[in-house]
Amino acid sequence: MNNQASEKEKIRVRFAPSPTGYIHVGNARTALFNWLFARQNNGIFVLRVEDTDLERSREEYERNLIQDLRWLGLDWDEGPDIGGPYGPYRQSERLELYHKYAHQLLQEGKAYYCFCSQEELEREREAALAEGRMPVYSGKCRNIPLKDAEKRRSCGEPAAIRLKVPEEGIVAFYDLVRGHVEFDLKIIGDPIIVRSNGMPAYNYAVVIDDALMHITHVIRGEDHVSNTPRQILLYQAFGWPTPIFAHLSMVMGKDNTRLSKRHGATSVDQFRREGILAEALCNYLSFLGWSPPEGQEVLTLQQLVKLFDLNRVSRSAAIFDYEKLHWLNRQHIKKLSPEEKLNLALPYLEEAGLVSSPATEEQKTWLKKAVEILLEGVDKFSELPKKFELLFDFNPENLDQEAKEIIASSSARLVIKTFYQKIANLSEFNYETFARITGEIKKETGIKGRDLYHPLRVVLTARGSGLELDKFIPLLEEGARLQFPRRIIGCLERVKMMVSFLNL
RNA sequence: GCCCCUGUCGUCUAGCCCGGCCUAGGACAUCGCCCUUUCAAGGCGGCAACACGGGUUCGAAUCCCGUCGGGGGCGCCA
């Protein structure tokens with residue numbers, strides 16, 4: 001389909017995070033949308049690291065970033081780790097480029113040196129704010145001849161570089177998600193493109209990078225819309241074509257403020273640790289501002305690639321709903337094979353000290369069944385160890401409230417007592433035995449249904465709720481024959497412990 | 001304060017561009033029922049929204065204006 005000729009028009013998008021910590025789900029969504037757009041259009045997805053803020057960037061953060069993105073299943077065609085035709089892909093390694101183009105702008109008279117001190121600018125800004133105006137740079141240094149400016153600089157006077165912006169007119173652009181957007185130049189002022197410490201300012205570096213990397217579509221957060229006119233002005237100053245913009249709405253917390261730690265987990269890494277599947281997270285993230293045409297809900301990455309449509313992205317902010325994420329996660333967990341479930345579950349069980357590190361094959365066979373059964377209704381893998389307590393914890397002295405209520409009745413006690421008498425001399429127990437005995441009890445006492453099974457559940461689990469007993473008993477009996485760091489107590493022993501505790 | 005964006009069930013959203021098919025659809029959550037050896041899962045059903053006010057029109061969730069609410073931006077941060 002794609003011949004040589006169309007190669008030139010190939011769609012190129014980028015995800016350009018600054019490595020300042022773990023990746024936030026809001027940024028992950030931006031990455032995802034970029035990736036989906038690239039993949040469905042057979043385009044190129046580039047990863048670029050914006051590390052020009054020396055104070056905040058750290059090398060290890062870049063590794064985290066890459067790890068998180070990989071985990072999510074988003075791969076890139078060009079990036080700091082794999083290189084590419086338009087590298088380097090780390091802004092800190094592109095400094096010469098920024099200087100070169102700034103110099104060009106200076107020579108052409110499209111930019112100028114600004115000697116204003118930060119204190120001075122701060123004062124002006126505050127004054128403007130106080131008067132209810134947009135703080136716009138006064139243009140004080142605008143007309144200093146380049147020669148004079150260079151002289152001052154060579155004497156050691158620090159200077160930033162500003163872009164000369166026309167004083168009148170409007171900058172407009174068509175945003176793929178928001179439509180026509182325009183800004184009045186009066187409120188823009190001459191933006192700094194190179195700081196006095198020589199580092200490029202964000203609005204300048206992005207333009208250089210996006211242009212040089214031939215980015216065709218800039219898909220990013222809504223917090224960048226007001227930067228867009230400044231960037232467009234830069235493209236115009238260079239005579240470069242502007243990319244197409246698409247600004248995604250913000251991701252909010254329940255109280256309608258930007259999603260933050262206060263609201264719960266916010267980093268991709270955190271969700272991974274909790275045992276949210278990458279595919280479920282992507283699935284959920286894709287629904288933040290987008291919906292498939294036919295209302296499908298549970299989707300794989302591949303399906304998302306097919307269905308995703310930038311034109312269907314909504315413009316209003318979305319609130320992050322943990323409940324729905326969890327529901328989607330459950331749906332994705334269901335689709336996993338028993339082996340996959342076990343492998344995902346193992347680390348959590350090991351960490352909880354339930355399983356010793358390399359589990360034996362025998363243990364694994366059993367664990368696979370246990371995980372399969374206990375995973376039902378679990379939101380995320382981190383909840384699994386607690387579910388396993390049903391098997392590993394048995395303490396008659398520590399009955400929950402529900403259990404206490406169940407065994408309080410005389411009929412419950414009768415059931416328990418009868419049950420105990422019938423198993424007292426058994427050396428083996430299995431579900432068939434259980435079924436036979438409960439049948440007998442039913443016949444002898446007339447007790448049936450909940451009144452019959454509930455008390456027995458309490459006897460066997462010390463809990464008022466748990467698994468269906470036909471699943472529980474075989475699982476427990478089999479597990480009790482295996483060696484685990486914490487021993488699993490079998491049914492017969494449990495009954496004896498409970499009866500002696502209850503003094504029946 | 002100024003600039004930009006935005007406003008459909010509690011939440012994510014469909015519908016809006018190309019007015020009537022909308023007594024506004026779906027999903028999560030919630031409630032109820034069924035199933036069942038509790039819970040869960042599953043099945044079925046219920047509650048629940050066009051922010052407000054003006055226009056335009058035979059007719060508006062859909063078009064226009066205003067109000068109000070929410071968000072973002074206003075850096076030598078990214």
Side-chain angles (χ1 to χ4, degrees), chain A residues 16-20 50-53 55-57 91 114 116-118 121-122 125 128-136 158-162 175 177-179 181-184 186-189 191-203 205-206 221-229 247 249-250 252 254 256-258 284 287-298 311-312 314-328 330 334 374 376-378 387 402-403 406 438 448-454 456-458 461 463-472:
Chain A
S18 47
T20 54
E50 309 213 326
D51 57 350
T52 50
D53 185 349
E55 314 211 335
R56 292 204 289 164
S57 298
Q91 287 194 330
C114 172
C116 297
S117 73
Q118 294 188 45
L121 294 171
E122 186 55 34
R125 178 173 322 116
L129 249 23
E131 285 173 42
R133 300 190 326 258
M134 279 275 290
V136 175
I161 301 174
R162 286 182 187 271
D175 188 299
V177 350
R178 327 195 90 84
V181 182
E182 61 174 53
F183 290 85
D184 195 318
K186 280 203 257 321
I187 57 139
I188 293 194
I192 285 185
I193 59 175
V194 178
R195 301 181 240 172
S196 54
N197 69 0
M199 293 300 273
Y202 168 77
N203 278 317
V206 251
E222 189 191 5
D223 46 344
H224 288 286
V225 311
S226 49
N227 286 326
T228 309
H247 289 98
S249 61
M250 303 275 91
M252 317 297 271
K254 214 144 193 83
N256 233 312
T257 62
R258 257 167 130 144
Y284 180 68
F287 286 163
L288 256 23
W290 171 78
S291 61
E294 278 159 75
Q296 307 94 312
E297 296 273 337
V298 185
N311 293 313
R312 284 182 65 88
S314 89
R315 299 160 303 267
S316 53
I319 291 173
F320 195 93
D321 183 356
Y322 291 89
E323 300 266 18
K324 188 142 187 184
L325 201 216
H326 289 157
W327 177 77
L328 272 173
R330 291 204 299 268
K334 272 186 195 166
L374 291 169
E376 217 167 287
V378 161
K387 293 283 254 180
E402 202 183 347
I406 290 167
T438 50
K448 57 181 177 154
R450 294 155 89 100
D451 293 337
L452 171 61
Y453 292 101
H454 263 209
L456 295 177
R457 171 193 310 289
V458 175
T461 67
R463 286 170 175 79
S465 68
L467 277 178
E468 289 95 332
L469 292 173
D470 60 343
K471 283 183 188 160
F472 174 76

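Here is the naming used below: chain letters follow the sequence lines, and residue numbers restart at 1 for every chain.
The side-chain heavy atoms of L325(A) and F320(A), taken from C-beta on, include a pair separated by under 4.5 Å. Between L456(A) and T438(A), some side-chain heavy-atom pair lies under the 4.5 Å cut-off. The shortest side-chain heavy-atom distance between R258(A) and D223(A) falls under the 4.5 Å cut-off. By the 4.5 Å heavy-atom criterion applied to side chains, V206(A) and E50(A) are counted as neighbours.
Distance H224(A) NE2 to C5(B) C1': 15 Å, rounded to the nearest Å. Look at CG on N197(A): it is 7 Å from C1' on C76(B), rounded to the nearest Å. One interatomic measurement links the two molecules: CG of L288(A) to P of C28(B), which rounds to 17 Å at whole-angstrom precision. If you measure from atom CG of N311(A) to atom C1' of C18(B), you get 16 Å, rounded to the nearest angstrom. C4(B) atom P lies 7 Å from atom CZ of F183(A), rounded to whole Å. Rounded to whole angstrom, the span from the NZ atom of K254(A) across to the P atom of C28(B) amounts to 15 Å. As rounded to whole Å, 14 Å separates atom C1' of A27(B) from atom CG of L325(A). Atom CD of E222(A) and atom P of C5(B) are 10 Å apart (whole Å).
Under 3.5 Å, the side chain of S196(A) and the base of C76(B) form at least one donor-acceptor pair of N or O atoms. Applying the 3.5 Å distance criterion, the base of C28(B) shares no donor-acceptor pair with the side chain of E297(A).
In this structure, the side chain of Y453(A) does not engage the main chain of E468(A) through any donor-acceptor pair within 3.5 Å.
In this structure, F287(A) reaches the sugar-phosphate backbone alone: every heavy-atom distance under 4.0 Å involves primed, P, OP1 or OP2 atoms, never a base. E122(A) comes within 4.0 angstrom of nothing in the nucleic acid, heavy atoms only. Here G449(A) lies out of heavy-atom contact (under 4.0 Å) with every strand. When heavy atoms are screened at a 4.0 angstrom cut-off, E323(A) is found touching the sugar-phosphate backbone but no base atom. Among the atoms of the strands shown, none is found under 4.0 Å from any heavy atom of R463(A). Residue-level contact check: H326(A) touches neither bases nor backbone, having no heavy atom under 4.0 Å from any strand. Within 4.0 Å (heavy atoms only), G289(A) reaches sugar-phosphate atoms of the nucleic acid but no base atom. Among the heavy atoms of the strands lying under 4.0 Å from S314(A) are primed sugar atoms or P, OP1, OP2 only; no base atom is included. Looking at heavy-atom distances under 4.0 Å, C116(A) makes contact with a base.
Remark: R330(A) is in phosphate contact with A29(B), judged by side-chain N or O atoms under 4.0 Å from OP1 or OP2. Listed pair R178(A) / G71(B) fails the phosphate criterion, with no side-chain N or O lying under 4.0 Å from OP1 or OP2. Not one side-chain nitrogen or oxygen of S226(A) sits closer than 4.0 Å to the OP1 or OP2 atom of G72(B). Checking the phosphate oxygens (OP1, OP2) of A40(B), no side-chain nitrogen or oxygen of K471(A) falls inside 4.0 Å. Look at R195(A) and you'll find a side-chain N or O under 4.0 angstrom from OP1 or OP2 of C77(B). Close to G75(B), at under 4.0 Å from its OP1 or OP2, lies a side-chain N or O of R125(A).
With both ends at atom P, the span from U36(B) to A27(B) equals 25 Å, rounded to whole Å. Comparing the P positions of U56(B) and A29(B) gives an interatomic distance of 46 Å, to the nearest angstrom. Nucleotides C35(B) and A14(B) are separated by 32 Å at their C1' atoms, to the nearest Å. Comparing A48(B) with C2(B), their P atoms are spaced 41 Å from each other, to the whole Å. A distance of about 15 Å separates the C1' atoms of C47(B) and C28(B), rounded to the whole Å. Straight-line distance between the P atoms of G70(B) and A60(B): roughly 30 Å, to the nearest whole Å. Only the P atoms considered, U13(B) is 22 Å distant from C64(B), to the nearest whole Å. Using atom C1' as the reference point in both C16(B) and G20(B), the two lie 14 Å apart (nearest Å).
Around CD of E131(A), the count of heavy atoms belonging to other residues, nucleotides or ligands within 6.0 Å exceeds 12.
Between A14(B), G71(B), C28(B), one nucleotide has an atom nearer to the side chain of N256(A) than all others, and that is G71(B). Closest contact between the side chain of I187(A) and the listed nucleotides A41(B), C3(B), U38(B) involves C3(B). Here the side chain of Q91(A) is nearest to one of A29(B), G15(B), A78(B), namely A78(B). Comparing G71(B), C12(B), C3(B) by their nearest atom to the side chain of M250(A) picks out G71(B). Checked against G71(B), U38(B), C5(B), the side chain of M252(A) finds its nearest nucleotide in G71(B). Residue K324(A) has its side chain nearest to A27(B) when only C74(B), A27(B), C77(B) are considered. Listed candidates were C39(B), C28(B), G7(B). Nearest to the side chain of R315(A) is G7(B). The side chain of E468(A) lies closest to C39(B), out of C39(B), A78(B), G15(B). The side chain of I192(A) sits closest to C76(B) out of U38(B), C76(B), C5(B). Out of G1(B), A78(B), C4(B), the shortest distance to the side chain of N227(A) is found at A78(B).
In this structure, A27(B) and U11(B) make a Watson-Crick or G-U wobble pair, each of the two defining distances being under 3.5 angstrom. Base pairing of U57(B) is not made with any nucleotide, judged by Watson-Crick or G-U wobble geometry with both donor-acceptor distances under 3.5 Å. The partner of C76(B) is absent, by the rule that a Watson-Crick or G-U pair needs both atom distances under 3.5 Å.
Checking V136(A) against L467(A), the closest nucleotide of RNA chain B that is more toward the 5' end is the one next to L467(A). Nearer to the 5' terminus of RNA chain B, by closest-nucleotide assignment, is the contact made by D184(A) (compared with the other of G377(A) and D184(A)).
E402(A) has no carboxylate O lying under 4.0 Å from a charged side-chain N of R457(A), or vice versa, which leaves the two without a salt bridge.
Ring planes of H326(A) and Y322(A): tilted class, angle from 30 to 60°.
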